[in-house]
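Worksheet for the structure shown next.
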Amino acid sequence: MDLEIKGVVTSPRTQTQLFSGRKNAFQQGWTTQNPCQPVVPQLDLGSLVDSDDEEQDIIPENLPAPSSKYKQKYQQYETEVKEGYKQYSQRNAEKAKSHITRQQTPRNKTDKREIVAAEKKKQAVAEQMMIDHLSRAVISDPGQDLNIGKEESDHILPDSKMVPLRLRKRTLHETKIRTNSTLTENVLSHKVQFDGRILSRNGRDACRELVGFFFVHDKSLTMYEYRQFGKNRTSVLPFIQKNIYSHQYGRRKGKQYQLGDFYIGATLTFLSANHPSLPKSMKENILLRLRITNIDQIALDSLKPASVEHEEDIICQEANDRRVFKAIQDVLRENLHKRGVRILTGLGKYFQQLDKEGNGLLDKADFQQAIKVFHLTVSEKDFESLWLILNDISNGKGKVDYGEFKRATIGEMNEYRKSFVRKAFMKLDFNKTGIVPMIDVRKCYCAKKHPQVISGHSTEEEIKSSFLETLKGACSKSDEVSYGEFEDYYEGLSIGVVGDEDFVNILRTPWGV
């Protein structure tokens, strides 16, 4: 049977052929692995137009001139953009500065902490001094034993009338008794406060923190020792009792201390026998020498005009002495510029060996021999003038303290440098014995920021070993270092360093002070 669909005539034969054709097509579709990919049309690069050319084509050629209103808006926009860029650049600069300050904050923070701690220390000592002397003036005054008036004795019980007033239990604020010699806070406030240290090769004594006061009303002075136990415990104890004292050494020997005797670098001398409460190590020496390391300059300047005394003769003699010392020091320090550490550490050891009695005194022949041994360029004339001065101010007994001899011939670093040397040693001296084992020195010494390590010329271990070998050469015992030997090392190093801050950085870098 033939079928006709939409003008197509089919027969059974053609129908089977069509079906078979579709079947073959389906079979080919499922079995074919790589069907024909669609053809991608070719890109005509010549048809692409540059953006600039396109914009030029789009923008009309004849545009009307911009109006004044448009110009004003454009200028305003331009100023706003410039101002915004200016603010942006300023913010970037501030960020860079803050980044730099963040890197410096650890040192600034430690400096601020040190300043705050020093102020707290001074305040604590000043308060303790006021309490001690105001209480002592009222309760311990001999005028307390005198009979008091009838009005004041009416309230006392009959059985207590025979008991002296000084033995009765009372506090400062409860007593109504006032004597002629009673001190007041106003009188004690006219004072000059200063910091001091002990001139000693004993590390335990040299690292004591002392605070003194000189009172203008009676020209007396007193000194206290500030002690710190751990981080929080502190103690303020009298070191030298309040009294009127005189010079015990030098051109001013026998002269009473005046306000002009107090300045940074001044040396105060006391007789050890007059102070029984001193430690045994200090009593071994006849004289106790204290060096003023810092002073309240504002109070000193305000009180100086009120008490000025002229001693022309002594001032001229001291000026001549300083000129002689400086002439010798200038010659020696020029020669010791490169070998200062070796000479000063060697001199310290040599003088200790010659000091058989252990009192720090040597005679003229010992000093002459030391000059020859260490090849110090001091002429005979200069040595004779030097010896006359030192012997004269040392009571003329033919023996001179070898510490004074070193300071007179070679000089010494200023108190600012010395304070950092003491800080470094106190950091090493955990037990406060005045002697540090070399093992602790090796542990604490840090050579990471040494210039030669940073540049790559040396390793940390090489720098550390070199330092320890030099330091061991300055010590009498190879396994420990005393304060005097540690100070001699940096005293010699200080000769070759001109700037104070450069010297302080030399100490800060390895010790972290």
Side-chain angles (χ1 to χ4, degrees), residues 121-122 124-137 139-142 181 183 188 191-228 234-259 261-263 265-295 357-361 393-395 397 399 401 403-404 422 432-434 483-484:
K121 179 186 78 171
K122 291 179 182 179
V125 176
E127 288 176 358
Q128 188 64 44
M129 181 273 298
M130 296 292 278
I131 291 170
D132 287 351
H133 290 90
L134 289 173
S135 302
R136 190 178 296 115
I139 296 174
S140 302
D141 196 285
S181 61
L183 291 173
L188 290 175
K191 66 182 184 302
V192 175
Q193 185 172 344
F194 57 90
D195 298 338
R197 65 180 179 90
I198 300 169
L199 292 179
S200 173
R201 292 183 67 83
N202 186 316
R204 195 170 184 178
D205 296 335
C207 293
R208 293 178 187 268
E209 297 183 72
L210 304 179
V211 180
F213 303 90
F214 179 77
F215 302 98
V216 178
H217 74 281
D218 61 351
K219 296 179 181 177
S220 62
L221 68 90
T222 183
M223 296 201 76
Y224 280 77
E225 181 182 0
Y226 181 85
R227 292 185 182 179
Q228 187 163 359
T234 58
S235 177
V236 180
L237 300 172
F239 189 75
I240 291 178
Q241 297 293 338
K242 183 177 181 294
N243 207 340
I244 298 172
Y245 295 99
S246 302
H247 293 269
Q248 302 297 327
Y249 182 84
R251 299 289 185 188
R252 297 176 184 264
K253 185 179 178 182
K255 298 280 185 181
Q256 187 177 324
Y257 282 113
Q258 305 292 333
L259 191 63
D261 297 325
F262 294 86
Y263 53 89
T267 304
L268 308 178
T269 52
F270 304 89
L271 289 174
S272 303
N274 294 340
H275 304 279
S277 60
L278 290 177
K280 187 181 290 185
S281 58
M282 297 183 196
K283 290 181 182 178
E284 294 174 356
N285 298 321
I286 299 172
L287 289 180
L288 171 65
R289 291 180 173 88
L290 305 178
R291 176 66 56 80
I292 296 177
T293 58
N294 196 11
I295 197 165
E357 298 178 3
N359 56 6
L361 300 176
I393 62 179
S394 302
N395 303 326
K397 294 181 178 179
K399 287 196 173 185
D401 183 84
E404 291 291 333
R422 291 173 67 224
K432 297 186 178 182
T433 58
Y483 172 77

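No experiment lies behind these values; they were computed from the predicted model shown.
Summarising the geometry of L199 relative to R197, their closest heavy-atom pair is CD2-NH1, 3.4 Å, with the distance given to 0.1 Å. Minimum heavy-atom separation, A206 to S200: CB-O, 3.5 Å. Taking each heavy atom of D218 and I244 in turn, the nearest pair found is O-CD1, 3.5 Å. In terms of heavy atoms, Q256 sits closest to K219 at NE2-CB, 3.4 Å.
The closest donor-acceptor contact from the side chain of T222 to the backbone of I240 lies under 3.5 Å.
Taking the six-membered ring wherever Trp is involved, the centroid distance between the rings of F262 and F194 falls below 6.0 Å.
Scanning for salt bridge (charged side-chain N to carboxylate O under 4.0 Å, His left out) contacts around K191 gives an empty result, with sequence neighbours left out. In this structure R422 satisfies the salt bridge (charged side-chain N to carboxylate O under 4.0 Å, His left out) test with no other residue, sequence neighbours excluded.
Aromatic ring pairs are classed by plane angle as parallel below 30°, tilted from 30° to 60° and perpendicular above 60°; the pair F213 and F215 is parallel. Ring planes of Y224 and H133: perpendicular class, angle over 60° (limits at 30 and 60°).
Using a 4.5 Å heavy-atom cutoff, the side chains of N243 and S220 are not in contact. Two residues are said to be in side-chain contact when any heavy atoms from C-beta on lie closer than 4.5 Å; R227 and K432 fail this criterion. Using a 4.5 Å heavy-atom cutoff, the side chains of F214 and L268 are not in contact. Two residues are said to be in side-chain contact when any heavy atoms from C-beta on lie closer than 4.5 Å; K255 and D261 fail this criterion. Using a 4.5 Å cut-off on side-chain heavy atoms (C-beta onward), N294 and K122 make contact. Taking 4.5 Å as the limit, every side-chain heavy atom of E225 sits out of range of all side-chain heavy atoms of I198. Within the 4.5 Å cutoff, no side-chain heavy atoms of I292 are placed close to those of Y263.
For the atom pair CD (Q241) and CG (D132), the distance works out to 8.5 Å, reported to the nearest 0.5 Å. Atom CG of D195 sits about 5.0 Å away from atom NZ of K121, to the nearest 0.5 Å.
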Only distances under 3.5 Å count here; give the side-chain donor-acceptor pairs of residues 275-287 to other protein atoms, sequence neighbours excluded, each with its distance to 0.1 Å.
from	atom 1	to	atom 2	distance (Å)
S281	OG	D205	OD1	3.3
S281	OG	D205	OD2	2.6
K283	NZ	P276	O	2.6

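A donor and an acceptor atom, one from each side chain of Y245 and N274, are nowhere located under 3.5 Å apart.
Within 6.0 Å of CZ on R204 lie no more than 12 heavy atoms contributed by other residues, nucleotides or ligands.
A cation-pi arrangement is present between R289 and Y249, with the terminal nitrogen or guanidinium carbon under 6.0 Å from the aromatic centre and inside a 45° cone about the axis.
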